[in-house]
Amino acid sequence: MQFDRVRTLQPTNVLARLGLASAYLQNGLQDQALEQIAQVRALTNLPPLTPELDLSMARIEASAYFAKNNLAAAEMTLLKANEKHPDRP
């Protein structure tokens, strides 16, 4: 998988990690998607994410929780994203 290769070569490439998380999610691998999101959140040497990237990450994360039937975590993820970016749909 191309995203996995980029992640290996450039571990701080947020777009690659989000692409990989999205691919995992589309293939029913919610835990792996959530792991990618957690790894992005753990990166401390990044500049702040753009609102678009931050919201994209929140959507993937919430979708993974929803697919796992963890509705409370999905809702909390979306509420936090809305609080952080109230002017974004």
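- Identified under the side-chain hydrogen bond (donor to acceptor under 3.5 Å, both in side chains) test for residues 78-89, with sequence neighbours left out: E52-R88, D54-K84, D54-H85.
- To the nearest 0.5 Å, atom CG of residue L15 and atom CG of residue L20 are 12.5 Å apart.
- Summarising the geometry, atom CE belonging to M76 is positioned 10.5 Å from atom CG belonging to N70; distances are rounded to the nearest 0.5 Å.
- Other members of a hydrophobic cluster containing L78 are absent, since no ILVMFWY side chain comes under 4.5 Å of it, directly or through relayed contacts.
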Output a table of donor-acceptor pairs, distance under 3.5 Å, between side-chain atoms of residues 55-62 and any protein atom two or more places apart or on a different chain; print 'none' if there are none.
from : atom 1 : to  : atom 2 : distance (Å)
R59  : NH2    : P89 : O      : 3.2
E61  : OE1    : R41 : NH2    : 2.5

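- Nearest approach of F66 to A74, heavy atoms of both residues: N-CB, 3.9 Å.
- Annotation: side-chain contact (heavy atoms from CB on, under 4.5 Å) contacts of N45 (sequence neighbours excluded): T12, L43.
- Within the 4.5 Å cutoff, no side-chain heavy atoms of I37 are placed close to those of R17.
- Checked against side-chain contact (heavy atoms from CB on, under 4.5 Å), S63 has the following partners two or more places apart in sequence or in another chain: L25.
- Remark: Q32 pairs with Y24, L29 by the side-chain contact (heavy atoms from CB on, under 4.5 Å) rule, at least two apart or across chains.
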